[in-house]
Amino acid sequence: MTQASYELDVRPILRSGGEPFSAIMQAVNGLSAGQALRLLATFEPVPLYTVLGKKGFDHAAKEIGGGDWEVLFTPHVQAADAQPTPDGVAASRWPEPVRLLDNRDLDPPEPMVRTLAAVEDLQPGEVLCALLCREPVFLLPELGKRGFEWLGGFETDQTTYKLLIRKGAQREAAE
């Protein structure tokens, strides 16, 4: 089960001329195992990506308006620790993927756009495998909203995120 991310808004610190690095590191050190950090800042904190990357975090950033940024730092997940499906079925019991998408060389948001387009062609019960260069933190909730099940995690090389997506039988009944 995914834990709620911890939110840290450093915008007031930055706007008052302060340095938020110690607050960020304190928040990171206080995270539970597997917990993500949602950071709000007045700029894209690019140097922080390397610092937290060395601590085992991936990041996904987006501008939220007014020059402010939201960055979700998520801990690396081993494939063995991948999320179970809602029905508790292990990926080993899923059928072989009918399609493989290698999105590792694409720039955001192209991997998400390409994956969402491809899963719409799946028949109920079919599985698609997508290879990505980072954890798709914005794609996963969208898949859930659209009724897809997924399993994902980093491969042992720690650079490839393997995502299995299955079209659920419930969508078949709704269609």
Decide side-chain contact (heavy atoms from CB on, under 4.5 Å) for Phe43 and Leu14; before the verdict, give the C-alpha distance in whole Å, the side-chain angles of both, and the deciding distance to 0.1 Å.
CA-CA 9 Å; Phe43 61 91; Leu14 292 167; 3.7 Å; yes
Before giving the answer on side-chain contact (heavy atoms from CB on, under 4.5 Å), spell out for Asp58 and Leu72 the whole-Å C-alpha distance, their side-chain angles and the decisive distance to 0.1 Å.
CA-CA 8 Å; Asp58 291 316; Leu72 184 64; over 6 Å; no
Is there a side-chain contact (heavy atoms from CB on, under 4.5 Å) between Lys54 and Leu52? Walk through the geometry before answering.
CA-CA 5 Å; Lys54 290 178 181 175; Leu52 294 185; over 6 Å; no
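Aromatic ring orientation, Phe154 versus Tyr161: perpendicular (interplanar angle above 60°, classes split at 30° and 60°).
Within the 4.5 Å cutoff, side-chain heavy atoms of Tyr49 are placed close to those of Phe73. Side chains of Leu128 and Pro97 form no contact here, defined as non-hydrogen atoms less than 4.5 Å apart. Two residues are said to be in side-chain contact when any heavy atoms from C-beta on lie closer than 4.5 Å; Pro45 and Val71 meet this criterion. The closest side-chain heavy-atom distance from Leu131 to Cys129 is below 4.5 Å. At least one side-chain heavy atom of Leu140 sits under 4.5 Å from a side-chain heavy atom of Leu163. Here the side chains of Arg114 and Leu106 are in contact, with some heavy-atom distance below 4.5 Å. Side-chain contact between Ile24 and Leu39 is present, with at least one heavy-atom pair separated by less than 4.5 Å. Taking the side chain as every heavy atom from C-beta outward, Leu31 and Phe57 approach each other to under 4.5 Å.
Taking CD1 of Ile64 as the reference point, atom CG of Leu40 lies at 5.0 Å (rounded to 0.5 Å). Rounding to the nearest 0.5 Å gives a distance of 9.5 Å between NE2 of His59 and CG of Leu48. Summarising the geometry, atom CG belonging to Leu8 is positioned 11.5 Å from atom CE belonging to Met25; distances are rounded to the nearest 0.5 Å. Atom CZ of Arg134 is separated from atom CG of Asn103 by 11.5 Å, given to the nearest 0.5 angstrom.
Under the side chain to side chain donor-acceptor pair (under 3.5 Å) criterion, Glu126 pairs with no residue, sequence neighbours left out. Residues passing the side chain to side chain donor-acceptor pair (under 3.5 Å) test with Asp102, sequence neighbours excluded: Arg104. Every residue two or more places apart in sequence or in another chain that forms a salt bridge (Lys or Arg N to Asp or Glu O under 4.0 Å) with Arg11 is listed here: Asp9, Asp68. By the side chain to side chain donor-acceptor pair (under 3.5 Å) test, Glu7 is found to be paired with Arg38, residues two or more places apart in sequence or in another chain being considered. Partners of Glu142 by salt bridge (Lys or Arg N to Asp or Glu O under 4.0 Å), not counting sequence neighbours, listed by chain and number: Lys145, Arg146.
Nearest heavy atoms, Ala27 versus Leu37: CB-CD1, 4.2 Å. In terms of heavy atoms, Ile13 sits closest to Ala23 at CD1-CB, 4.3 Å. Arg99 and Ala118 get closest at one heavy-atom pair: NH1-CB, 3.5 Å. In plain terms, the two heavy atoms of Val127 and Pro95 that are nearest each other are CG2-O, 3.7 Å.
Although no hydrogens or angles enter the test, the distance criterion places no donor-acceptor pair under 3.5 Å between the side chain of Glu44 and the main chain of Val46. A distance-only check finds a donor-acceptor pair linking the side chain of Lys167 to the backbone of Leu122 [under 3.5 Å]. A donor-acceptor contact shorter than 3.5 Å is absent between the side chain of Thr115 and the backbone of Met112. In this structure a side-chain-to-backbone donor-acceptor pair under 3.5 Å is present from Gln35 to Ser32.
Residue Trp69 is not grouped with residue Val137 when hydrophobic side chains (ILVMFWY) are merged at heavy-atom distances under 4.5 angstrom, including chains of intermediate members. In the hydrophobic cluster analysis, where Ile, Leu, Val, Met, Phe, Trp and Tyr join through side-chain heavy atoms closer than 4.5 angstrom, Val113 is grouped apart from Ile165.
The 12-atom threshold is not exceeded at CG of Asp105, counting heavy atoms of other residues, nucleotides or ligands nearer than 6.0 Å. Within 6.0 Å of CD on Glu19 lie more than 12 heavy atoms contributed by other residues, nucleotides or ligands.
Screening residues 98-132 for ring pair (Phe, Tyr, Trp, His ring centres under 6.0 Å), with sequence neighbours left out, gives no hits.
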